[in-house]
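Below is one structure, written out as structure tokens, with a few remarks after it.
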Amino acid sequence: MIKDYRPYYIKKAWYRLQHLYIRHKLSPQLKSLGKYPFIVKPWHIEIFGGPVSIGDNITLLGCSDKKTRLTVWSDKKNINGITIGDHVLISPGVRISAASSISIADSCMLASHVYITDSDWHGIYDRSMPSKEVSHVILEENVWVGDSAIICKGVTIGKNSIIGAGSVVTSDIPANVIAAGNPVKIIKQLDPSKPIITRKDRFSDTEKMTHALESAEKEFLEGNTFLGWIKSFFVPEKNV
């Protein structure tokens, strides 16, 4: 892990810069953005078309080599577009492309490079125009989708279910299962005797979590100086 040489006040200034970008560049492209968003490197998050609605306590991560894209491609009015619930985690490289309606419920987690689409985008025989057939995609509460999985049109994934990395989902998945493969198959039922703790359960007390994170960052960055931070650009320390 690369050491963070920034003093705490520099990191706080960095957060304020991100918040300004979110308020003036990212948020105006959205139909709605809920309270307490945690958005990292928002300049690497691309929004196109609409409507795109995001709930409270979103964790939305961008990265220079893994652009996160939320796009709605439609000439129709009064569509649902992309709807994202509360406490959802969207990792770098995720692409969500809607022609009609993609709904992601509370506490869902999308790993890097997940692709979700509600359309084939081209007809089988007439490939010069977009396909007229679209189907809704629904991820119910607390769904976890693994790295590089593909969720295709017309799919509903039931509450608490897990989709394995690299899977291709072309049909509905019931609640409380683990499914994986291409095409995806159910490989395990979740144990009903074991409680499931969601992101919403864990992080619902926003003020408490914010205080805990600030305290941890202050401790982690303690002793860092402005001159030491500048020096790290020119004379980086070797990893031991």
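The residues of the chain are indexed from 1 along the displayed sequence. Since we're looking at a predicted model, the values are computed, not measured.
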Please tell me whether N57 and D86 have a donor and an acceptor in their side chains that are separated by less than 3.5 angstrom.
no
Are E214 and K12 close enough that some pair of their side-chain heavy atoms sits under 4.5 Å apart?
yes
Go through K200 and E141 one step at a time and tell me if the salt bridge (Lys or Arg N to Asp or Glu O under 4.0 Å) criterion holds.
CA-CA 10 Å; K200 195 171 186 177; E141 185 178 351; 5.8 Å; no
To the nearest 0.5 Å, what is the distance between CH2 (W144) and CD1 (I196)?
11.5 Å
Kindly check if the number of other-residue, nucleotide or ligand heavy atoms within 6.0 Å of CZ (F226) is above 12?
no
Closest heavy-atom pair and its distance - Y8, L221:
CA-CD1, 3.9 Å
Modelled atom types, side-chain donor and acceptor of S91 and S112, under 3.5 Å:
no
Crowded around K159 NZ? As in, over 12 foreign heavy atoms under 6.0 Å?
no
Which value, rounded to the nearest 0.5 Å, describes the distance between S167 atom OG and I187 atom CD1?
8.0 Å
Closest non-hydrogen contact found for Q18 with W43 is CG-CH2, 3.7 Å
Surrounding NZ of K25 (heavy atoms of other residues, nucleotides or ligands, distance under 6.0 Å), is the total greater than 12?
no
Less than 4.5 Å apart, any side-chain heavy atom of I116 and any of I104?
yes
Which pair of non-hydrogen atoms, one from C152 and one from V168, has the smallest distance, and what is that distance?
SG-CG1, 4.3 Å
Quick one: closest heavy-atom pair of K67 and S64, and the distance?
CE-O, 4.0 Å
Determine the sole option in V52, I22, L26 for which the side chain to side chain contact (heavy atoms under 4.5 Å, CB included) test with L33 is passed.
I22
Given Q189 and V177, is the side-chain contact (heavy atoms from CB on, under 4.5 Å) satisfied, shown in steps?
CA-CA 4 Å; Q189 298 281 338; V177 301; 3.4 Å; yes
Is M109 linked to I163 within one hydrophobic cluster, defined over Ile, Leu, Val, Met, Phe, Trp and Tyr using a side-chain heavy-atom separation of less than 4.5 Å?
no
Any side-chain heavy-atom pair from S97 and Y115 closer than 4.5 angstrom?
yes
Nearest 0.5 Å please: distance from the CG atom of D4 over to the CG atom of N224.
6.5 Å
What are the two closest heavy atoms between C108 and R199, and how far apart are they?
O-CD, 4.5 Å
V88-L61 co-clustered via ILVMFWY side chain contacts under 4.5 Å:
no
Minimum-distance pair of heavy atoms, taken over all atoms of L70 and I84:
CD1-CD1, 4.3 Å
Distance, nearest 0.5 Å, that separates OG1 of T206 from CZ of F38:
13.0 Å
S103 and N80 side chains, donor-acceptor separation under 3.5 Å:
no
Would I47 end up clustered with L60 when hydrophobic side chains under 4.5 Å apart are linked, directly or stepwise?
yes
E207 and Y36: side-chain hydrogen bond (donor to acceptor under 3.5 Å, both in side chains), yes or no, with the steps?
CA-CA 10 Å; E207 290 186 4; Y36 310 116; 5.2 Å; no
Start with the C-alpha distance between D118 and K153, add both sets of side-chain angles, then the distance that settles salt bridge (Lys or Arg N to Asp or Glu O under 4.0 Å), and finish with yes or no.
CA-CA 4 Å; D118 63 358; K153 67 176 186 178; over 6 Å; no
Does either side chain, that of T225 or that of W229, offer a donor lying less than 3.5 Å from an acceptor on the other one?
no
